[in-house]
Amino acid sequence: MKAIVDCNSFYCSCERVFRPDIKEKPVVVLSNNDGCIISRSDEAKKFGVGMAGPYFQAKSLIEKHNIEVFSSNYNLYGDMSRRVMSTLKEYLGEENVEVYSVDEAFVDLSGFDPKDLRKIAKEMKERVEQWTGVAVSVGVAPTKTLAKLANYIAKKHKSRTEGVAVLEAEEKLARALKGIGVKELWGVGGRSAKKLEAWNIKTAWDLRNMPEEWARKHLGGVVGVRLIKELNGEEAIVMGDSNTPESKRMIATTRMFGSTVKELSAIKEAVATYAARTGEKLRRQHSAATTIQVFVVSNEKVESTYFKHGRTYAAHQVLASPTSFTNELIAAAMPLAESLYQEGMGYKKAGVILSGIVPDTSIQANLFEPQKGIGRFLMEQIDNINFSMRGDVVKFAASGTTRNWKMRQEFHSPRYTTRWNELCEVK
DNA sequence: TCTGGGGTCCTAGGACCC
DNA sequence: TCTGGGGTCCTAGGACCC
């Protein structure tokens with residue numbers, strides 16, 4: 001049996017841990033640049049605040065109900081996430097916990113007696129809540145997909161389930177599957193849901209009873225087959241799949257600007273800053289990149305299904321040799337940024353994407369290439385300083401110092417757990 | 001006026017090889 | 001007049017996730 005432990009309104013919960021005064025108040029957390037609402041407390045949901053909606057549209061509702069607003073504080077959420085995960089690992093053994101995202105973990109419960117599952121799940125939940133202050137919901141079932149479904153039920157009917165749902169018995173499972181729309185399933189997005197409805201497949205139960213061959217043909221090939229298997233209680237997405245923190249195959253840093261940017265100099269500063277960040281990510285996993293891509297998004301209006309967004313201009317370059325050095329990445333990125341820039345155009349966003357990720361061989365090569373060796377030493381020192389200071393203390397001049405393009409963060413809370421001078425004060 | 005950021009897996013189709 | 005078949009590798013794009 002598998003369990004998924006999912007933090008309730010994670011970002012909101014993190015904000016509340018250090019603000020007991022808003023424990024009962026409605027809270028929302030905004031995306032970068034204060035653009036969208038990405039986390040809502042139950043109270044805020046009740047007032048009708050939608051998920052992923054733009055902040056400016058919900059603003060009047062937020063003000064009317066006196067809802068507490070926060071810009072996202074990733075230093076805080078990352079640190080709280082680590083605490084939640086280590087609590088789980090300590091309780092069930094590191095090897096049985098698979099961190100799936102910042103606020104979710106799969107737990108392998110195959111060693112336990114089925115009749116103890118509910119008790120274990122409840123203990124897990126209570127322990128995390130007591131040790132970290134973050135409330136979680138737990139779903140238990142034979143496969144990951146079904147565990148996610150159980151979790152959905154646990155969350156949806158919090159008072160009845162007490163935040164824990166175990167789908168073990170067949171009749172319970174059948175009832176759950178019949179009561180849930182395909183759209184709510186893990187792995188079914190908007191597009192597939194629409195397709196399924198057209199085939200008159202409405203509930204998870206309907207989908208479960210479709211033949212695998214049908215899914216192979218009409219539901220994304222092996223992806224669809226896996227989904228059907230999982231719904232039938234056959235493990236097709238195995239534990240530990242995302243456990244081995246293998247190197248990423250793509251590394252990107254992209255940001256909206258705080259306001260429209262018109263000058264090439266500002267674009268170049270932003271791109272240099274993002275290139276430096278990708279370099280850091282690259283070095284952290286001891287990789288080097290073969291290809292660098294730079295893109296900018298203008299403020300031209302382009303029609304799309306959801307909302308009007310700008311036009312994307314992209315250019316890429318294959319690097320002379322794979323590198324992880326910030327100076328080389330910036331050197332490659334600058335001409336790309338210049339080539340994309342058009343005089344008189346306004347820009348909303350830019351980004352740097354690295355691909356062709358390979359192991360960093362210059363670690364060995366530096367024995368024979370003293371220049372590279374110095375570069376590596378320099379990178380290590382910069383990373384050490386920036387990491388220990390939790391910020392960009394040392395940066396390349398190309399990144400600029402004024403940074404007028406930086407994103408908006410009007411409602412940022414203190415970094416309670418990662419900065420000495422922002423500790424919570426008790427008077 | 002204003003709509004995030006970072007990633008994965010899979011498939012189809014083109015280029016190329018023998 | 002007429003031009004195979006099978007394989008690999010790579011890339012772009014779709015769909016999805018949190």
Side-chain angles (χ1 to χ4, degrees), chain A residues 4 6-11 28-39 50-60 62 71-74 77-78 81 99-106 144-145 148 151-152 182-196 215-227 236-237 241-242 244-260 274 277-278 281-282 285 290-291 293 295 297 299 301-302 304-310 312 314 316 318 346 348-357 407-410:
Chain A
I4 177 115
D6 191 328
C7 302
N8 300 342
S9 311
F10 182 56
Y11 296 170
V28 297
V29 175
L30 307 181
S31 65
N32 269 337
N33 219 30
D34 295 342
C36 296
I37 293 163
I38 51 171
S39 182
M51 183 60 177
Y55 170 54
F56 74 91
Q57 269 174 18
K59 207 164 182 173
S60 59
I62 285 169
S71 302
S72 29
N73 181 346
Y74 291 108
Y77 312 150
S81 173
V99 176
Y100 175 64
S101 75
V102 68
D103 69 333
E104 279 174 74
F106 286 105
K144 282 184 171 180
T145 305
K148 288 282 268 187
N151 190 272
Y152 175 85
V182 283
K183 176 68 193 69
E184 314 310 331
L185 287 173
W186 188 46
V188 178
R191 313 249 170 157
S192 305
K194 237 185 179 154
K195 261 201 297 197
L196 289 168
R216 192 185 303 282
K217 219 166 157 194
H218 302 290
L219 208 61
V222 298
V223 181
V225 175
R226 273 207 299 249
L227 179 57
I237 305 173
D241 258 10
S242 48
T244 40
E246 276 170 6
S247 330
K248 311 226 183 277
R249 283 149 215 202
M250 182 199 97
I251 287 174
T253 301
T254 74
R255 294 276 184 287
M256 300 276 301
F257 300 134
S259 53
T260 303
Y274 306 157
R277 280 254 52 211
T278 58
K281 295 179 188 175
L282 212 47
Q285 64 169 43
T290 329
T291 304
Q293 184 188 343
F295 73 84
V297 177
N299 61 1
K301 301 282 188 206
V302 178
S304 95
T305 359
Y306 306 107
F307 58 88
K308 287 183 179 155
H309 56 75
T312 302
H316 71 274
V318 177
K348 297 165 34 172
K349 181 179 185 173
V352 174
I353 303 172
L354 303 180
S355 53
I357 308 295
M407 65 187 177
R408 275 193 303 270
Q409 286 193 319
E410 272 181 69

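These numbers were taken from a predicted model, which means no experiment stands behind them. Labels below follow one simple rule: chain letters A, B, ... track the order of the sequence lines, proteins then strands, and each chain is numbered from 1. Hydrogens, waters and symmetry mates play no part in the numbers below; they use all other heavy atoms, side chains included.
Across all strands shown, A:Lys194 has no heavy atoms under 4.0 Å from either base or sugar-phosphate atoms. Within the nucleic acid shown, A:Ile251 comes within 4.0 Å of sugar-phosphate atoms alone, with no base atom in reach, counting heavy atoms only. No engagement by A:Asn33 is indicated, since no non-hydrogen atom pair under 4.0 Å with the nucleic acid exists. Across all strands shown, A:Ser72 has no heavy atoms under 4.0 Å from either base or sugar-phosphate atoms. Within the nucleic acid shown, A:Gly351 has no heavy atom closer than 4.0 Å to any nucleic acid atom. If you check every strand for non-hydrogen atoms under 4.0 Å, A:Gln57 touches a base. Residue-level contact check: A:Leu185 touches the backbone only, with heavy atoms under 4.0 Å from sugar-phosphate atoms and none from bases. A:Val102 comes within 4.0 angstrom of no nucleic acid atom, judged by non-hydrogen atoms across all strands.
Using a 3.5 Å distance cut-off with no hydrogens or angles, the side chains of A:Ser101 and A:Asp103 do pair a donor with an acceptor.
Among residues two or more places apart in sequence or in another chain, the ring pair (Phe, Tyr, Trp, His ring centres under 6.0 Å) test is passed with A:Tyr152 by none. For A:Phe56, the side-chain contact (heavy atoms from CB on, under 4.5 Å) partners are A:Pro54, not counting sequence neighbours. Taking the side-chain contact (heavy atoms from CB on, under 4.5 Å) definition, one finds that A:Ala350 meets it with A:Phe257, A:Val271, A:Tyr274, A:Val296, sequence neighbours left out. For A:Asn299, the side-chain contact (heavy atoms from CB on, under 4.5 Å) test picks out A:Thr260, A:Lys348, with sequence neighbours left out. The side-chain contact (heavy atoms from CB on, under 4.5 Å) check on A:Met250 picks up A:Ala252, A:Ile353, with sequence neighbours excluded. A search for salt bridge (Lys or Arg N to Asp or Glu O under 4.0 Å) contacts involving A:Arg216 returns A:Glu213, not counting sequence neighbours. With sequence neighbours left out, A:Lys349 forms a salt bridge (Lys or Arg N to Asp or Glu O under 4.0 Å) with no residue at all.
Crowding of A:His316 atom NE2: a count of heavy atoms from other residues, nucleotides or ligands under 6.0 Å not exceeding 12.
Between A:Lys348 and B:dT3, a side-chain N or O to OP1/OP2 separation shorter than 4.0 Å is present. Taking side-chain N and O atoms only, A:Lys148 has a distance below 4.0 Å to OP1 or OP2 of C:dC18.
Rounded to whole Å, the distance from CG on A:Asp34 to C1' on B:dT1 is 15 Å. Rounded to a whole Å, the CD1 atom of A:Ile4 is 11 Å from the C1' atom of C:dC17. For the pair A:Ile38 CD1 and C:dC17 P, the interatomic distance rounds to 18 Å; values are reported in whole Å. Atom NZ of A:Lys183 and atom C1' of C:dA15 are 12 Å apart (whole Å). Atom CE of A:Met407 is separated from atom P of B:dC2 by 19 Å (rounded to the nearest Å). For the pair A:Tyr152 OH and C:dC18 P, the computed distance is 13 Å after rounding to whole Å. At whole-Å resolution of the value, CZ in A:Phe257 and P in B:dG5 are 10 Å apart. Atoms NZ (A:Lys59) and C1' (B:dT1) sit 11 Å apart, rounded to a whole Å.
Checking C:dA15, C:dC18, B:dT3 against the side-chain heavy atoms of A:Ser192 singles out C:dA15 as nearest. Proximity note for A:Pro54 (side chain, C-beta onward) versus B:dT3, C:dC18, B:dG4: the nearest is B:dT3.
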Checklist outcome for this item: In 5'-to-3' order, the base (B), backbone-only (S) or no-contact (-) status of each nucleotide in nucleotides 6-14 of chain C, using a 4.0 angstrom heavy-atom cut-off, is ---------
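The closest side-chain heavy-atom distance from A:Ser72 to A:Asn32 is below 4.5 Å.
Scanning both residues, A:Gln285 and A:Lys248, for their nearest heavy atoms gives OE1-N, 2.8 Å.
Look at the C1' atom in both B:dC17 and C:dG4: the space between them is 14 Å, to the nearest Å.
Paired regions of DNA chain B, where each region holds three or more successive Watson-Crick or G-U pairs whose two hydrogen-bonding distances fall under 3.5 Å, are B:5-18 with C:5-18.
Nearest-nucleotide positions on DNA chain B for A:Gly35 and A:Gly220 put A:Gly35 closer to the 5' end. When each of A:Arg226 and A:Met256 is assigned the nucleotide of DNA chain B with its nearest heavy atom, A:Met256 is the one assigned upstream, toward the 5' end.
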